[in-house]
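These notes are about the structure you will find just below.
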Amino acid sequence: MSALRAALAAAVTLAGLLVPPPGGKVAAAPTSPEETEISYYYDVLEHSVLRPAARQLDPSRWVRRLAGNPREAMNVDEADQVRLPSTWWRPRAGHHPVSVEQMLRGPGPGTGPAPGRWTVTRAKTQGVTPGFFIKDARGDRFIVKFDPPGYPEMATGADVVSSYLFWAAGYNVPDNCIVHFRAESLEIAPDAVATDELGRKAPMTPAFLERLLGRVRAEPDGSYRAVASRLLAGRPLGPFEYRGRRRDDPEDRIPHQHRRELRGLWTLCAWTGHADSRGPNSLDVWVSENGRSFVRHHLIDFGSCLGSGAVAKRSYQTGHEYFVDWGVMARSALTLGLVPARWEASEDPELPSIGFIDSKTFDPVRWRPDYPNPAFDERTARDVRWGARIVAGMTDGLIRAAVERGRYRDPRAAEYLARVLIERRDKIVQAWLAPAAANAARTP
Amino acid sequence: MDPLGRACRGSLALLLCLVPTAAWATASTEVAASVGPADSLAATDPAEGSGLAPSSQPAWNPPAPQAEAQPWEQALRLPGRILSLPLYAIGKGARSGLLVVETTSLVPRTRAFLAHLPRVGVYVTPASLGDRTGLGGALELRPAFLGRRLGAEFSGSTRNYGRVHVDLTAGPLTVDFLSEWRPEDQFFGLGPDSREEDRSEYAAQQTRARASLAYPPARAKGRPPRAQVSTWIGQRELATRGGRGRNPSFEERFPSLGADLLDRVSHHLNYGWSGYVDLRRGRPHWTHGLRAEAGVERFDRLEGRALAVWPSPRPGAQFTRYRAAIATGFSFMRDPRTIRLSARATHQEVSGGTPMQLADLSTLGGSRGLRGFEPGRFHDLDLLVGEIAYVFPLAQHVELEVHGELGNVYGDVLEDPTWRSLRTSYGVQLRPRTPLAPLGMLGVDWSRETVRLRYSIGGVE
């Protein structure tokens, strides 16, 4: 027995040597951290294949499961709430009353570019949906993005509606606004750069801009509908990852997968069908405010939220299974596919401006993003309830006001989206906050 | 219970008690550490009363950076970490490599380049040279400025298989030329009872020129018509040569057949008709409907009159080939689960006394039917094969097919088949899919003789 104890002690000591020492290197001066990049392809590969395999082979995870003792978030207080201040999140809906007016002013003025001519400074035709950067008459800078072919209003509407909802939930988001403009109101900056389909960069020409606009849908009156997203103030540092830390940021001391704001974000993403919630859709910005410089963490690019899949509508399987879902595959193989999947009962509203999102088959306990997210994977019932409290704070008024900002021309589309969000909210509340559910020992 | 079993059970119980207890104890300390007020820089939010704007106050943080895992977790993970170090290095390399791929826009560039090629009439595809031909590719030129009426395809593979095909189409009329070299096709002997241990190889060399008439005509690179009848006439030369592969050439394994066939060149006038109707429908794979196909073709011996590329003093057999195939299926549930049934038969009547070329025989094994057997495993005049398959979804982007096949080759398919002579083969295929179509497959097929791994990029229905 003593030999066993000695071996255990040695193992623990060895492990301790391998663990970075607490309070290791922390930059003393507030200098801007380095810009980071995430490979989109590797992100998919890592979180769909490599990390799930490593998790399954991780003995400590199994020990925790066996003990029924998951690792809880590290930045919570005695009341199980996020310790404040936070550069990731701020208590809003669910914690404080948020009025419609506050929400609509929240991310920014919400007025979009100033009237007058827009100067195009950069543009790309690469990818399915082209876009460009502009400077308005006031000198404010925006990125202008369009809807994919065949789905007018879908991605632009989702981008705007979701940005309001996530702001009301407490997260930092850009100021997005639906705009309509005519080709004549654009002018090309002398130093404007264009990136074509082959990734080649060249000085922008009117012909390039014409070709770009030729790829997007024009309204019957010749104008174009787009989402104008105000560029965030500060120096962009690249996306954050949902695990690990930005080691050159002295304020980033908690592994991201153990942050309550990121684990609990699962509930918000489930509610809004934000299956594209992944590192590359985030942005860290080095800001200077009130005599202090620091990193602020933002969620960006909500074009794949709600029923929008950015390039097409969401598949019926969205939220029910990962792109590569080993568990679903194993279950289907064992049953020869004879057990119908939950999504197979869904009903498509056939509203092109909405895409596909429903409340009937929405599962508030087992919802999944497009591919596994490290922070979501670490979530516990307490994290989910934290998020559910925020979702519960989203009043019908807030939801309808956010949907109204999507400027859907078809009133059925706006009504359907608001109704679905309200019903999904109610399902989350019922599953996680109803007295019976709250008392139950749930594991997501 | 015996003492050994009791001891094992006791040890297991002890382990089950110890591990969770350890985990619980460590976890309790970490919760205490995270909620204790003593370690916080700021327990309350100074910006609390200032509205809902993002805070610019110094963020709450523990006094030191936190480790991702507790020491006991690190200890448990240590062996795995050491074992996975090579994988970790590969992952690091992949990450850097993929980042370069992205920053240089390699994928969109390649995609745009490949999308541009068909516009000028250039197509690059995997070669369709059959089983056991190695990795292959095909380059097809069909110039857009000629209305895609003239086309040339060049296929080649790592096992030296090659094919050149040139065609000129004007409405329903097509004139085409084909030259093909197959250096190591397998041959195991004639008849349904050929033996696996008699494996040998032969090479087949074919040149063909013909004119055909089809109604309705197929559009170049468009979807084939739902029904079509066609007729053709042309000349063909076919030679059987010694095998070029690692296995013995067929004339060594079958000397009498070798004496008759080695380097024999057949010159044929080939004409016939065929027709099909395809009423299959469905997505992502065909889920219901029927496809029926029938054809008759005649191979008349040409002696002295042939425009011979390879003159031969020994003319080949002349024969008539009849073939028929039918496939049907039905599906159920929303993401379709489909059951498919298909059958295929070939019957050949030889009217000349000399033996037929090996490449003219009906063949089973590999992708030609009975996929769990080696390609070319069965050769004879006729064949009969049936299949039942079940295709069902595994997940959003993957479906699985399980199938079973039954069949064999015969001297006369109208007389010889017996239940006991039929061979069986089984298989499963993993098929990546989009909402519109399967993209390819990775599968395994097996029979009582062998297990075969198969893959395909495209070409899956």
Side-chain angles (χ1 to χ4, degrees), chain A residues 11-12 15-16 18-20 22-24 26 37 39-42 50 57-60 63-64 66-67 69 71-72 74 76-78 83-87 90 92 98 102 106 126 172 197-199 245 251 253-255 289-290 292 296 315 317 321 323 325 328-329 332-333 336-337 340-341 344, chain B residues 19-20 23-24 27 30-31 34-35 40 42-48 52 54-69 71-78 80 91 94-95 98-99 101-102 104-105 108-109 112-113 333-335 337 390 392-398 400 435:
Chain A
V12 170
L18 295 170
V19 176
V26 174
E37 283 182 302
S39 160
Y40 285 35
Y41 301 136
Y42 187 78
L50 308 180
L57 297 173
D58 179 2
S60 65
V63 169
R64 282 191 178 276
L66 205 64
N69 181 33
R71 185 162 196 183
E72 296 294 349
M74 288 180 174
V76 291
D77 59 18
E78 296 82 349
R83 286 182 179 274
L84 297 170
S86 165
T87 48
R90 171 165 193 90
R92 293 184 187 127
V98 176
Q102 283 172 319
Q126 228 174 12
N172 304 315
E197 292 88 341
L198 300 177
R245 300 184 293 112
E251 293 196 359
R253 296 183 181 181
I254 297 171
E289 283 180 8
N290 300 328
R292 199 175 94 76
R296 180 172 285 152
S315 72
Q317 289 97 331
E321 53 188 72
F323 281 155
D325 200 315
V328 169
M329 288 187 347
S332 299
L336 293 178
E344 290 184 271
Chain B
V19 171
W24 183 258
E30 74 203 27
V31 169
S34 70
V35 301
S40 64
T44 55
D45 180 10
E48 189 72 29
L52 301 171
S55 170
S56 56
Q57 298 296 313
W60 176 88
N61 260 308
Q66 300 294 294
E68 295 193 13
W72 68 269
E73 289 176 302
Q74 297 277 6
L76 281 176
R77 289 175 187 171
L78 188 61
R95 185 176 187 143
L98 287 171
L99 201 56
V101 165
E102 274 173 40
T104 56
S105 304
R109 278 175 199 236
F113 176 70
M333 297 169 76
R334 184 165 174 180
D335 195 357
R337 285 75 164 166
Y390 173 51
F392 63 96
L394 275 191
Q396 187 173 358
H397 298 293
V398 195
L400 194 74

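Throughout, protein chains are lettered first and strands after them, A, B, ... in sequence-line order, and every chain is numbered starting at 1. Remember, predicted model here, so these are calculated numbers, not experimental data.
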Is chain A contacted by the side chain of B:R337, its backbone, both, or neither, given a heavy-atom distance below 4.5 Å? side chain

Let me know if B:P393 has heavy atoms under 4.5 Å from chain A in its side chain, its backbone, both or neither. backbone

Spatial distance of atom CG (A:L57) from atom CZ (B:R77) [nearest 0.5 Å]: 12.0 Å

Using non-hydrogen atoms only, which part of A:Q102 is less than 4.5 Å away from chain B: side chain, backbone, both, or neither? side chain

Any donor-acceptor pair under 3.5 Å linking the side chain of A:R245 with the backbone of B:P65? no

Max heavy-atom pair count under 4.5 Å with chain B, selected residue of A:P255, A:A333, A:A341: A:P255

Are side-chain N/O atoms of A:R292 and B:S56 paired as donor and acceptor at under 3.5 Å? no

May I ask you to test the B:E73-A:R64 pair for a side-chain heavy-atom distance under 4.5 Å? yes

Between A:L336 and B:F392, is there a side-chain heavy-atom distance shorter than 4.5 Å? yes

Taking every heavy atom of A:S60 against every heavy atom of B:L76, the minimum-distance pair comes out as CA-CD1, 3.9 Å

Among A:R296, A:E37, A:E344, which residue forms the greatest number of heavy-atom pairs with chain B at distances under 4.5 Å? A:E344

Answer yes or no: is there a donor N or O on one side and an acceptor on the other, between the side chain of A:Q317 and the main chain of B:A395, under 3.5 Å? no

Within a 6.0 Å radius of atom OH on B:Y390, are there more than 12 heavy atoms belonging to other residues, nucleotides or ligands? yes

For the candidates B:M333, B:R95, B:H397, which exhibits the highest count of non-hydrogen atom pairs separated by less than 4.5 Å from chain A? B:R95

Testing the basics here: between B:P63 and A:R253, what is the closest heavy-atom pair and its distance to 0.1 Å? O-NH1, 2.7 Å

Sub-3.5 Å donor-acceptor pair from the side chain of A:R71 to the main-chain atoms of B:E68, do we have one? yes

Quick one, A:S315 and B:Q396 - any side-chain contact, counting heavy atoms below 4.5 Å? yes

State, with a plain yes or no, whether a side-chain heavy atom of A:I254 is found less than 4.5 Å away from one of B:W60. yes

Taking all non-hydrogen atoms of both residues, which atom of B:S55 and which atom of A:S86 are closest, and how far apart? CB-O, 4.5 Å

